[in-house]
Trainee: 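One structure, as structure tokens, below. Some questions next.
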Amino acid sequence: MTLQTVLLVAAALFCVGLYGAISQQVVVMVMMGLELMLNGVILAAGAFWWFLSPAPDGQVLLLVVITAMTVEMAMGFAVATLLHRSRGSDMTDMATDLSR
Amino acid sequence: MVDDIVFWGLAVVSVASGVAVFRVDSMARATYALAVSFVTVGLVLLLFGLDYLGIVVVLMMVMEMAIMAIYMIMFMGMNPALMPMSMVHGKRTAVTVAGLTFAVLAAGILLVDWPERRGAPAADLTLSLGHAVMGSKMLVMITVSAVLFATIVSALVLALPRGRYDTDGADDGDRASGEAPS
């Protein structure tokens with residue numbers, strides 16, 4: 001277990017999430033892609049902390065990333081609820097108003 | 001040696017379950033796969049000695065995925081959430097972008113001359129995190145608390161049926177006539 005191997009795993013998680021965030025049509029599935037990307041970021045931050053500088057600052061950074069994930073989930077669920085209520089659907093293709 | 005074996009096992013399960021999120025037939029199974037991926041990353045954090053953060057990730061993500069499964073079944077109906085489905089667009093573009101991103105990240109990871117480790121971890125990592133949060137990094141946590149409060153308010157305003165204008169249309173007449181909404 002080295003810094004490079006952990007970062008490669010984190011990069012793989014990030015890119016799988018990126019694929020999902022770009023390709024999925026359902027809002028909740030897009031959120032799952034974003035979650036997977038943040039999962040990779042958490043792993044990478046943990047690896048940087050452990051292998052480069054195991055000071056408390058790195059743990060605080062991890063807490064901030066976990067908080068960002070929580071915020072993303074809460075707002076994503078709220079937007080999905082709003083979309084479903086107003087459009088009767090939770091597909092991203094039904095929410096392209098700003099592209100017009 | 002044991003740590004290496006455990007890490008590689010967790011890494012393989014983590015990435016495989018991450019891939020499974022977008023490969024399995026139903027959204028409910030996708031949610032479970034994502035939960036497994038999060039749990040394995042939480043266990044890797046435990047390998048690093050981050051007991052508190054590892055447990056937080058595991059507990060929080062299991063709860064979040066449970067809520068997500070309920071959302072999927074609630075919004076998509078019982079059958080679409082549990083039945084086979086494939087709802088993707090621009091699959092080839094997504095695969096290309098994700099593949100290129102991984103290639104760039106992997107090149108950076110392997111080519112960068114990473115510095116040596118500086119310092120040693122504290123004897124009690126959870127205690128050191130607590131001291132940091134309540135001391136030198138308090139401003140960070142104060143900002144995070146304000147962001148979380150704003151998130152709660154924003155999410156409720158978006159999700160409530162009455163919306164941000166405090167009307168669902170039923171009392172428009174009352175408003176027009178100057179009467180207080182019932």
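We name chains A, B, ... by the order of the sequence lines, and we start the count at 1 in each one. Side-chain atoms are counted along with the backbone in the values below, which use heavy atoms only and exclude waters and symmetry mates.
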Trainee: Sort out for me which of A/A78, A/A55, A/P54 touches chain B most, counting heavy-atom pairs under 4.5 Å.
Mentor: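 Counting heavy-atom pairs under 4.5 Å, the top option is A/P54.
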Trainee: Applying side-chain contact (heavy atoms from CB on, under 4.5 Å) between A/T67 and each of B/V144, B/V147, B/T143, report the one that passes.
Mentor: B/V144
Trainee: Check whether B/V15 and A/F14 end up in the same hydrophobic cluster, where Ile, Leu, Val, Met, Phe, Trp and Tyr are linked by side-chain heavy atoms less than 4.5 Å apart.
Mentor: yes
Trainee: Side-chain contact test, heavy atoms from C-beta onward, threshold under 4.5 Å: evaluate it for A/M1 versus B/F48 and give yes or no.
Mentor: yes
Trainee: Between B/H131, B/M68, B/M61, B/K91, which residue shows the highest count of heavy-atom pairs closer than 4.5 Å to chain A?
Mentor: B/M68
Trainee: Should B/V56 and A/V65 be counted in the same cluster of Ile, Leu, Val, Met, Phe, Trp and Tyr side chains packed under 4.5 Å apart?
Mentor: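 In one cluster with B/V56: A/V65, yes.
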Trainee: How many angstroms lie between atom CE of A/M32 and atom OG1 of B/T31, to the nearest 0.5 angstrom?
Mentor: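 Result: 4.0 Å between the selected atoms.
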Trainee: Fit a plane to each ring of A/F48 and B/W114, take the angle between them on a 0 to 90° scale, and name the class: parallel (under 30°), tilted (30 to 60°) or perpendicular (over 60°).
Mentor: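 Tilted: the ring planes of A/F48 and B/W114 meet at 30° to 60°.
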Trainee: Counting only heavy atoms closer than 4.5 Å, note whether A/L3 contacts chain B via side chain, backbone, both or neither.
Mentor: side chain
Trainee: For A/T2, is it the side chain, the backbone, both or neither that has a heavy atom under 4.5 Å from a heavy atom of chain B?
Mentor: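 Neither; nothing under 4.5 Å.
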Trainee: Can you tell me if B/R117 uses its side chain to pair, donor with acceptor, with the backbone of A/S53 under 3.5 Å?
Mentor: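 Checking the backbone N and O of A/S53 against the side chain of B/R117, no donor-acceptor pair under 3.5 Å is found.
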Trainee: Please flag which part of B/V44 lies under 4.5 Å from any non-hydrogen atom of chain A: side chain, backbone, both or neither.
Mentor: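 The answer is the side chain of B/V44.
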Trainee: Measure from the side-chain N and O atoms of B/E64 to the backbone N and O of A/M73, and report whether any donor-acceptor pair falls under 3.5 Å.
Mentor: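 It does not hold such a pair.
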Trainee: Counting only heavy atoms closer than 4.5 Å, note whether B/K137 contacts chain A via side chain, backbone, both or neither.
Mentor: side chain
Trainee: Tell me whether B/V112 is reachable from A/V9 by hopping between hydrophobic residues (I, L, V, M, F, W, Y) whose side-chain heavy atoms are closer than 4.5 Å.
Mentor: yes
Trainee: Can you tell which of A/L43, A/L62, A/V60 has the highest number of heavy-atom pairs within less than 4.5 Å of chain B?
Mentor: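 Max contact count across the listed options: A/V60.
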Trainee: Measuring heavy-atom distances to chain A, does B/V97 have an atom under 4.5 Å in its side chain, in its backbone, in both, or in neither?
Mentor: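 Answer is both: backbone and side chain atoms of B/V97 are under 4.5 Å from chain A.
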Trainee: Can you name the closest pair of heavy atoms from A/A74 and B/A155 and give their distance?
Mentor: O-CB, 4.1 Å
Trainee: If I compare all heavy atoms of B/G18 with all of A/L36, which pair ends up nearest, and what's the gap?
Mentor: O-CD2, 3.5 Å
Trainee: So which heavy atom on A/T70 is nearest to which on B/M60, and how close?
Mentor: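 Nearest pair, atom of A/T70 first, then B/M60: OG1-CE, 3.3 Å.
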Trainee: To check you understand the geometry: which heavy-atom pair defines the closest contact between A/L8 and B/F102, and what is its length?
Mentor: O-CE1, 3.7 Å
Trainee: Can you tell me which of A/V6, A/V64, A/V79 forms the most heavy-atom pairs within a distance under 4.5 Å of chain B?
Mentor: A/V6
Trainee: With a 4.5 angstrom heavy-atom cut-off, could you sort out which part of B/L129 is near chain A: side chain, backbone, both or neither?
Mentor: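 Contact with chain A is through both the backbone and side chain of B/L129.
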Trainee: With a 4.5 angstrom heavy-atom cut-off, could you sort out which part of B/L50 is near chain A: side chain, backbone, both or neither?
Mentor: side chain
Trainee: So which of B/L45, B/L47, B/V95, B/L125 has the biggest tally of heavy-atom pairs under 4.5 Å with chain A?
Mentor: B/L125
Trainee: Rounded at 0.5 Å granularity, tell me how far CG in B/L53 sits from CH2 in A/W49.
Mentor: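 Between B/L53 CG and A/W49 CH2, I get 8.5 Å after rounding to 0.5 Å.
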Trainee: Apply side chain to side chain contact (heavy atoms under 4.5 Å, CB included) to B/F38 and A/M69, showing your working.
Mentor: CA-CA 12 Å; B/F38 274 117; A/M69 197 182 318; 3.6 Å; yes
Trainee: With the side chain counted from C-beta on, respond yes when A/T5 and B/F7 share a heavy-atom pair under 4.5 Å apart, and no when they do not.
Mentor: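 Touching, per the 4.5 Å side-chain cut-off.
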Trainee: To check you understand the geometry: which heavy-atom pair defines the closest contact between B/A159 and A/R85, and what is its length?
Mentor: O-NH1, 2.5 Å
Trainee: Give the member of A/L52, A/L18, A/V16 that has the highest number of heavy-atom pairs under 4.5 Å with chain B.
Mentor: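 Option with the greatest count: A/L52.
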Trainee: Using non-hydrogen atoms only, which part of B/A120 is less than 4.5 Å away from chain A: side chain, backbone, both, or neither?
Mentor: backbone
Trainee: Heavy-atom pairs under 4.5 Å with chain A are the metric here; pick the option from B/I152, B/L105, B/I109 that has the most.
Mentor: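 If we count pairs closer than 4.5 Å to chain A, B/I109 comes out on top.
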Trainee: Kindly compute the distance separating CG (B/L158) from CE (A/M75), expressed to the nearest 0.5 Å.
Mentor: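 CE of A/M75 is found 5.0 Å from CG of B/L158.
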Trainee: Do B/I55 and B/V133 share a hydrophobic cluster, counting only Ile, Leu, Val, Met, Phe, Trp and Tyr and linking them when any side-chain heavy atoms are less than 4.5 Å apart?
Mentor: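 B/I55 and B/V133: one cluster.
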Trainee: Are B/L46 and B/V36 connected, step by step, through hydrophobic side chains (Ile, Leu, Val, Met, Phe, Trp, Tyr) whose heavy atoms are closer than 4.5 Å?
Mentor: no
Trainee: Return the OG to CG distance between B/S17 and A/L13, rounded to the nearest 0.5 Å.
Mentor: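 If I round to the nearest 0.5 Å, the distance is 7.5 Å.
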Trainee: Give the minimum heavy-atom separation between A/E35 and B/L34, together with the two atoms involved.
Mentor: CB-CD2, 4.2 Å
